[in-house]
Amino acid sequence: MATFGGTNPTLSNLAARMDPDGKISAIIEILNATNDILDDMTVIECNDGTNHKTTIRSGLPSVTWRLLNYGVQPSKSRTVQVSDSTGQLEAYAEVDKTLAELHNNSSQFRLSEDMAFLEAMNQEMASTLIYGNTAADPEKFMGLAPRYASTSAENGENIIDAAGTGSDNTSVWFIVWSPLIAHCLYPKGTKAGLTHEDLGQVTLTDAAGGLYEGLRTHYKWHLGFTLRDWRGVARIANIDVSELADAGETGFDGANLPNLMIKAYNKIRMKLRMGRAVIYANETVLTALDLIASNKSNTWFTKGDGVDGNPIIKFRGIPIKQVDAILDTEAAIS
């Protein structure tokens, strides 16, 4: 499989090579404008149909200081194989054929009418990437939150507890996107990203049973997620949203965001050279961080322009991007 940007192909990279007519690329650009995470996630083709099998090293071999005349027992590393599935998100958009023909550019009109479907699919996919749980919804794929849901689990050391309680909490995610750490999936032999097919003219039925001619478009997005090395992802969990109201004011230490982010940063620090690191937060947290960054006493955050010219906040050089699929109503985890 061809790769872009080294071994870290993004969804936009893959879409750019698939349709010379640019149809898919145009849709991808629309999605990127409303969901920053699509710019960043590494996307790899599955190696087992609609599933992806990954071998993870679960233990190191033992080593021995040898005495003269004494031997060394042979040993070996331990590995475990995990399999992650993909999910298929679909939608059909329909418009009145006569209405479409009243516009000079029927294709552009249909796309503008379909925007609601595109946004709905975008929001659902982003939400599944964060909270998808195949134990509760087997038709989806396993997202991030169920994988980092217990501080007593093996990967619990990469969960930074902000000490919030109740159900008005949120999270900040540090992710190193890489084929060796965390990446998204698409089924073997298919196209990556959101695809659409113009099904042409069809006979539609109105609410009263009347018939009329319409134009139908089919949208499909097949995606999954796999985590090869949990040490390359860190979650700051249990951030009490109510404590962020005074962010940026002198003496503010609500949720201790800078300290928490330093702890999360050091959890993934050794993996930074292996991929592309991004920090994700929702609007509530991003606003708090922006206010902290604007305070003259700030020494943790820097401000600059992103690739699209929009202002972006960075923490120790890592961009912080907005993902509103991250809720303000998370229940506290322990």
Side-chain angles (χ1 to χ4, degrees), residues 34-37 41 82 84-85 87 89 120-176 182 184 223-227 230-247 252-268 278-292 315 320-334:
T34 58
N35 194 343
D36 289 343
I37 201 167
M41 59 186 189
V82 298
D84 285 290
S85 61
L89 188 64
M121 294 186 75
N122 172 41
Q123 292 185 16
E124 177 62 27
M125 195 60 79
S127 177
T128 303
L129 184 56
I130 302 297
Y131 298 110
N133 190 339
T134 52
D137 301 294
E139 70 278 10
K140 298 183 179 181
F141 61 88
M142 187 69 79
L144 284 159
R147 300 172 192 255
Y148 291 83
S150 173
T151 56
S152 60
E154 182 182 5
N155 66 357
E157 64 181 80
N158 273 36
I159 300 175
I160 312 302
D161 187 359
T165 59
S167 58
D168 64 338
N169 303 294
T170 190
S171 295
V172 172
W173 291 91
F174 285 58
I175 302 176
V176 179
C184 287
L223 193 72
F225 174 75
T226 190
L227 182 66
W230 56 262
R231 296 168 298 179
V233 175
R235 177 186 187 181
I236 304 176
N238 302 336
I239 300 173
D240 190 327
V241 172
S242 64
E243 293 185 1
L244 301 178
D246 299 325
F252 168 78
D253 63 355
N256 288 316
L257 283 176
N259 288 349
L260 293 166
M261 295 182 74
I262 289 171
K263 292 178 180 179
Y265 173 88
N266 282 297
K267 290 296 183 182
I268 67 164
V278 188
I279 300 170
Y280 298 106
N282 65 13
E283 182 181 351
T284 303
V285 174
L286 199 60
T287 299
L289 295 175
D290 199 351
L291 290 170
I292 293 172
F315 178 78
I320 306 172
K321 297 193 176 183
Q322 183 171 328
V323 175
D324 284 332
I326 302 174
L327 301 176
D328 278 340
T329 55
E330 293 180 351
I333 65 172
S334 59

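Sequence positions, counted from 1, serve as the residue numbers for this chain.
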Exercise for the section: Could you tell me whether a side-chain N or O of Ser127 sits under 3.5 Å from a main-chain N or O of Gln123, the two making a donor and an acceptor? Expected result: no
Completion exercise
Heavy atoms of Gly164 and Ala332 approach each other most closely as O-CB, 3.6 Å
Handout entry: Counterpart residues, side chain to side chain donor-acceptor pair (under 3.5 Å), relative to Thr284 (two or more places apart)
Key = Asp328
Practice task
Check Ala149 against Ile333 and note the closest heavy-atom contact, atom names and distance.
Solution key: O-CB, 3.7 Å
Exercise for the section: Output all residues satisfying ring-ring contact (aromatic ring centres under 6.0 Å, His included) with Tyr131, sequence neighbours left out; order by chain, then residue number. Expected result: none
Practice task
Please collect all salt bridge (Lys or Arg N to Asp or Glu O under 4.0 Å) contacts where either partner lies in residues 129-144, sequence neighbours excluded, each pair once.
Solution key: Glu124-Lys140
Exercise for the section: Identify, with sequence neighbours excluded, every residue that meets side-chain contact (heavy atoms from CB on, under 4.5 Å) alongside Asp168. Expected result: Asp240, Ser242
Exercise for the section: Step by step, work out the side-chain contact (heavy atoms from CB on, under 4.5 Å) result for Asn133 and Met142. Expected result: CA-CA 5 Å; Asn133 190 339; Met142 187 69 79; 3.8 Å; yes
Problem - Closest non-hydrogen atom pair, Ala264 against Ala234 - result: O-CB, 3.9 Å
Exercise for the section: Can you see which heavy atom on Ala331 is nearest to which on Asn238, and at what distance? Expected result: O-OD1, 4.3 Å
Exercise for the section: Please identify each residue that fulfils salt bridge (charged side-chain N to carboxylate O under 4.0 Å, His left out) with Asp84, with sequence neighbours left out. Expected result: Arg147
Handout entry: Polar side-chain atom of Asn266 near backbone of Ile262 as donor-acceptor pair, under 3.5 Å
Key = yes
Handout entry: Non-neighbouring partners of Asn169 that pass side chain to side chain donor-acceptor pair (under 3.5 Å), sequence neighbours left out
Key = none
Problem - Sub-4.5 Å side-chain heavy-atom contact between Ile175 and Val278 - result: no
Completion exercise
One should read off an interatomic distance between Met125 CE and Met41 CE, to the nearest 0.5 angstrom, of 7.5 Å
Handout entry: With Ala281 via side-chain contact (heavy atoms from CB on, under 4.5 Å) - residues at least two apart
Key = Val172, Val285
Problem - Ser334: side-chain contact (heavy atoms from CB on, under 4.5 Å) partners, not counting sequence neighbours - result: none
Fill in the blank from the handout: Sorted by chain and residue number, the side-chain contact (heavy atoms from CB on, under 4.5 Å) partners of Thr151 (sequence neighbours excluded) come out as Ile159
Exercise for the section: Not counting sequence neighbours, which residues clear side chain to side chain donor-acceptor pair (under 3.5 Å) with Thr170? List them please. Expected result: Asn282
Exercise for the section: Could you check if a side-chain atom of Leu227 sits within less than 4.5 angstrom of a side-chain atom of Val82, using non-hydrogen atoms only? Expected result: no
Handout entry: Side-chain heavy-atom pair Thr128, Leu223 within 4.5 angstrom cut-off
Key = no
Exercise for the section: Mind checking side chain to side chain donor-acceptor pair (under 3.5 Å) for Ser152 and listing every partner two or more places apart, or none if nothing turns up? Expected result: Ser150
Fill in the blank from the handout: Taken to the nearest 0.5 Å, the spacing of Ile236 CD1 from Tyr265 OH works out to 13.5 Å
Fill in the blank from the handout: For Ser171 and Ala237, the nearest pair of non-hydrogen atoms, with its separation, is OG-CA, 3.7 Å
Exercise for the section: Indicate the atoms forming the closest heavy-atom contact of Lys267 with Glu157, along with that distance. Expected result: CE-O, 2.9 Å
Exercise for the section: Please lay out, stage by stage, how Ile239 and Leu244 fare under the test side-chain contact (heavy atoms from CB on, under 4.5 Å). Expected result: CA-CA 9 Å; Ile239 300 173; Leu244 301 178; 4.2 Å; yes
Handout entry: 4.5 Å side-chain heavy-atom contact, Thr134 and Pro146
Key = no
Exercise for the section: Quick one: do Lys263 and Asn256 satisfy side-chain contact (heavy atoms from CB on, under 4.5 Å)? Show the steps, please. Expected result: CA-CA 11 Å; Lys263 292 178 180 179; Asn256 288 316; over 6 Å; no
Exercise for the section: May I have all residue pairs that pass ring-ring contact (aromatic ring centres under 6.0 Å, His included) and include part of residues 132-154, sequence neighbours excluded? Expected result: Tyr148-Trp173
